[in-house]
Amino acid sequence: MEVLGIDVGGTGIKSAIVETTTGELLCKRHRVATPHPATPKALAGTLCGVLKYHRWEGPVGMGFPAAIQRGVVRTAANIDKSFIDLPISDYFSEKTGNPCFVANDADVAGLAEMRFGAGKDNSGVVLIVTIGTGLGTALFSDGHLLPNTELGHIMLSNGKEAERYASETVRVTKDLNWEDWGERLNLYLRTMENLFWPDLIVLGGGVSEKLDKFSPMLTTQAPVVAASFLNRAGVVGAALFAEESLCRMK
Ligand code: BGC
């Protein structure tokens, strides 16, 4: 099935038409800036532009940086607070005139990695961590997702909230070198390991392309690998989520 996948981030909105049976992108990935402030209305306007750019009519899958419970936004760590309690899937469906299916960005990236990427055929506990403006997490057991884990907000033993200590934004704004930032990420991953004992840890987000630079700092027992889709996982996974949602409705 062809679905328009959209990955909404704090700074950019990436999109592409995805063939869900293979996870392939059927066009070049398109990127536009996230509007500021990113209110529901402003974002709806940007999304209409994205659909127009792709000349798209049909199902739309969207990864969004918040806990989303059955289509309703529940948290707003790095997005406008006016999203809280918005029935986001219905809202964007109405505004764009196309069926939109919205879920947590890390969860959908995880769907892509589990179906076609680094977690494929993994029958254990897999933790996916997406590293960007925030830290997103997706937790799978035998291929089943426990949605909205929000483990980037956990408090570390140093009293700091994980995503304010080890995200990509922190690395860039504090101008940390790979070694120092790698140590921060290691504290986070070790904390996750002590709580969930994953068999595999998959890192997503642009920084996963640089894994060789900070992997010497990582001391978890579980192997840590880069997401196969690198920073395309969000777009592909968003499309997979829409497809799954449509199948459930049948
Ligand atoms: C949000 C999560 C999101 C993550 C990555 C966090 O601040 O609370 O919902 O998955 O950022 O974007």
Side-chain angles (χ1 to χ4, degrees), residues 5-15 31-38 40 43 46-47 61-89 92 101-114 119 126-140 145-156 160-173 181 184-185 188-189 191-192 196 198 201-208 226-227 229-238 240-241:
I6 304 182
D7 183 16
V8 178
T11 50
I13 298 173
K14 293 155 230 150
S15 60
R31 186 185 189 279
V32 290
T34 306
H36 282 288
L43 201 57
T46 308
L47 292 175
M62 199 184 302
F64 194 78
I68 305 206
Q69 197 178 28
R70 289 186 209 89
V72 178
V73 179
R74 296 300 186 197
T75 62
N78 291 312
I79 52 161
D80 199 83
K81 304 289 175 241
S82 56
F83 271 103
I84 290 187
D85 290 340
L86 182 78
I88 190 169
S89 297
F92 286 147
F101 301 92
V102 188
N104 174 261
D105 56 354
D107 282 352
V108 302
L111 292 179
E113 290 300 325
M114 295 305 288
V126 180
L127 172 70
I128 288 144
V129 180
T130 62
I131 306 167
T133 313
L135 282 182
T137 56
L139 194 60
F140 289 83
L145 170 71
L146 174 67
N148 294 315
T149 43
E150 293 291 320
L151 296 169
H153 298 291
I154 209 153
M155 288 297 169
L156 299 172
K160 303 242 165 69
E161 183 183 0
E163 81 169 20
R164 292 180 190 273
Y165 186 67
S167 67
E168 170 67 351
T169 302
V170 170
R171 186 185 72 80
V172 173
T173 52
W181 179 76
R184 286 177 176 230
L185 184 68
Y188 176 61
L189 296 180
T191 306
M192 290 294 98
F196 299 103
I201 299 174
V202 179
L203 300 184
V207 80
S208 57
F229 285 95
L230 297 171
N231 53 5
R232 279 173 302 135
V235 166
V236 175
L240 297 182
F241 176 71

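Positions are given from 1, in the same order as the sequence printed here. When reading the values below, keep in mind they use all heavy atoms of this one structure, side chains included, and skip hydrogens, waters and symmetry mates. Order of listing sets the numbers, starting from 1, for every ligand and every atom in it.
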*Asks:* Looking at side-chain heavy atoms only, is the closest gap between Y188 and L156 below 4.5 Å?
*Replies:* yes
*Asks:* Considering residues at least two apart in sequence or located in another chain, which fulfil the side chain to side chain donor-acceptor pair (under 3.5 Å) criterion with S82?
*Replies:* D80
*Asks:* Rounded to the nearest 0.5 Å, how far apart are CD1 of I68 and OG1 of T75?
*Replies:* 8.0 Å
*Asks:* Using only atom types and a distance under 3.5 Å, with no angle test, would you say the side chain of S89 pairs donor to acceptor with the backbone of V102?
*Replies:* yes
*Asks:* Write out all pairs satisfying side chain to side chain donor-acceptor pair (under 3.5 Å) with one or both partners inside residues 147-156, taking only residues at least two apart or from two chains.
*Replies:* T137-T149, E150-H153, H153-E161
*Asks:* For ligand 1, give me the residues whose heavy-atom distance to it is below 4.0 Å, by chain and number please.
*Replies:* P65, A66, A67, A77, N78, N104, D105, G134, L135, G136, E150, H153, E163
*Asks:* Who are the salt bridge (charged side-chain N to carboxylate O under 4.0 Å, His left out) partners of R171, not counting sequence neighbours?
*Replies:* E168
